[in-house]
Amino acid sequence: MKKMLLILFVGFLESISASADPLGYDSIFCFGDSLSDTGNFLRTGAIAFPVIGKLPYGETFFRHATGRCSDGRLVVDFFAEAYGLPYVQPYLAVAKEGKFEHGVNFAVAGATALDSKFFYDQQIGAILWTNNSLSIQLGWFKKVKSTLCTTHQDCANYFKKSLFLVGEIGGNDYNYPFFVGGTIKQVKAMVPLVVGAVASTIQDLIGEGAVELVVPGNYPLGCSAVYLTLFQTPDKNAYDEHGCLKAYNAFAKFHNSQLKLAIEELRQKYPETKIIYADNYGAAKKILHTPKHYGIEERLVACCGGGGPFNFNNSARCGHIGSTACPDPSRHANWDGIHLTEAAYRHIAMGLINGPFTFPSLTHSPTHDF
Ligand SMILES: *[C@@H]1O[C@H](CO)[C@@H](O)[C@H](O)[C@H]1NC(C)=O
Ligand SMILES: *[C@@H]1O[C@H](CO)[C@@H](O)[C@H](O)[C@H]1NC(C)=O
């Protein structure tokens, strides 16, 4: 009798673990740029930034470079862990095998929300790392979708347990013009276009069957080592009490406020969906304000780089000759001047998944520790 119970119990557990967790998400579909890319850019063969294909990128968790622009895991990886899902595979790695059942990651490092034509028309196309903008990523999603479900009802059933991460995207649309000397006033004029591109993608995804979407805003650009280095000024009034450049933070906030307005409009239009704003800005700012609480000692100085006050040196970027990585990346918020460390991404992911930085909060609570 005892033995029989045991067998029954084991059988019960097996059937639970074999089927998807009823309390969580079954799949994650992710769109974006280097903040979320888990290996697409590397597989495009573009050579603009090949150092992400070797150590010290990836040194912390994977122990080898994966194409992630960090020492370890990204926010999207922590989302997967939290919901007991496998890491979201880069589209270009799995496209041929068609293994999409737990979702796919379409994010590409360097990607923009606007199509590359926009940047070519502005004469700055040559500096783009990739042409795989948000609309190209949406096209990839449509191909994947055709292998997952066919009828409208079929697709609705499939995607009702999917989480769509739409961004962060748009940061590069601003980085490129800022890095070639665009003024804040000039770049600000692009914000409605960028937000419009994100909003139109959300609308398309809803049309394809998405019901729960997380739309992250921009990080505090003025606290980023690359901005602090390129736009360094002797004017003390340009900095806030945390040493961040006020004007660039205000710019990021402006983008975020426009994005929130667009999201609100979409919520009115599609009341049967859940469009969640993810406050990356607030989550990152909290780490910068109380770094000790997160075990972080260096808030602004990059872990990996080739010298200078913020350890960002454009002639010796992380991974290039002349750069070194710090011994313990978990004590830094910034990894390579542009991207954050795994430690920072983990705290940001916690702030989004457990709250309070998602509005409204996610439907499901995490099912696993992360
Ligand atoms: C993007 O497309 C343009 C032509 O439209 C091409 O010249 C360029 O090489 C492409 N860039 C990349 C990074 O693939
Ligand atoms: C930046 O890197 C170059 C090339 O390695 C080096 O010559 C220069 O001294 C570095 N600048 C700083 C501020 O460390």
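Reckoned from all heavy atoms, side chains included, excluding hydrogens, waters and symmetry mates. Atoms within each ligand, like the ligands themselves, are counted from 1 in listed order. Because the structure is predicted, anything quoted here is derived from the model rather than measured.
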Verdict with supporting geometry, F79 and Y87, ring-ring contact (aromatic ring centres under 6.0 Å, His included) | CA-CA 9 Å; F79 266 82; Y87 292 125; over 10 Å; no
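Contact of the S135 side chain with the T201 side chain is not registered, since no non-hydrogen atoms from C-beta on lie closer than 4.5 Å.
When each atom of ligand 2 is checked for a heavy atom of G307 under 4.0 Å away, the hits are 14 (O). Against a heavy-atom cut-off of under 4.0 Å, N313 is close to the following atoms of ligand 2: 1 (C), 2 (O), 3 (C), 8 (C), 10 (C), 11 (N), 12 (C), 14 (O). The contact set between ligand 2 and G308, taken as ligand atoms under 4.0 Å from a residue heavy atom, comprises 13 (C), 14 (O). Which parts of ligand 2 touch A316 is read off a 4.0 Å heavy-atom cut-off, strictly below it: atoms 2 (O), 5 (O).
K286 places no side-chain N or O within donor-acceptor distance of the main-chain N or O of I348, the cut-off being under 3.5 Å.
The aromatic rings of W140 and Y91 lie parallel to each other, with less than 30° between the two planes, well short of the 60° mark. The aromatic rings of F141 and F159 are tilted relative to each other, their planes meeting at an angle between 30° and 60°. Taking the six-membered ring where the residue is Trp, F62 and H64 present perpendicular rings, their angle passing 60° and hence far from 30°.
With hydrogens and angles left out, the side-chain atoms of E212 and Y25 include a donor and acceptor closer than 3.5 Å.
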For ligand 1, output the ligand-protein N/O contacts shorter than 3.5 angstrom; if there are none, return none.
from, atom 1, to, atom 2, distance (Å)
ligand 1, 2 (O), N131, ND2, 2.3
ligand 1, 11 (N), N131, ND2, 3.0

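When the options Y281, F231, Y174 are evaluated for a ring-ring contact (aromatic ring centres under 6.0 Å, His included) with Y248, the one that passes is F231.
In terms of N/O distances under 3.5 Å, ligand 2 is not approached by S315.
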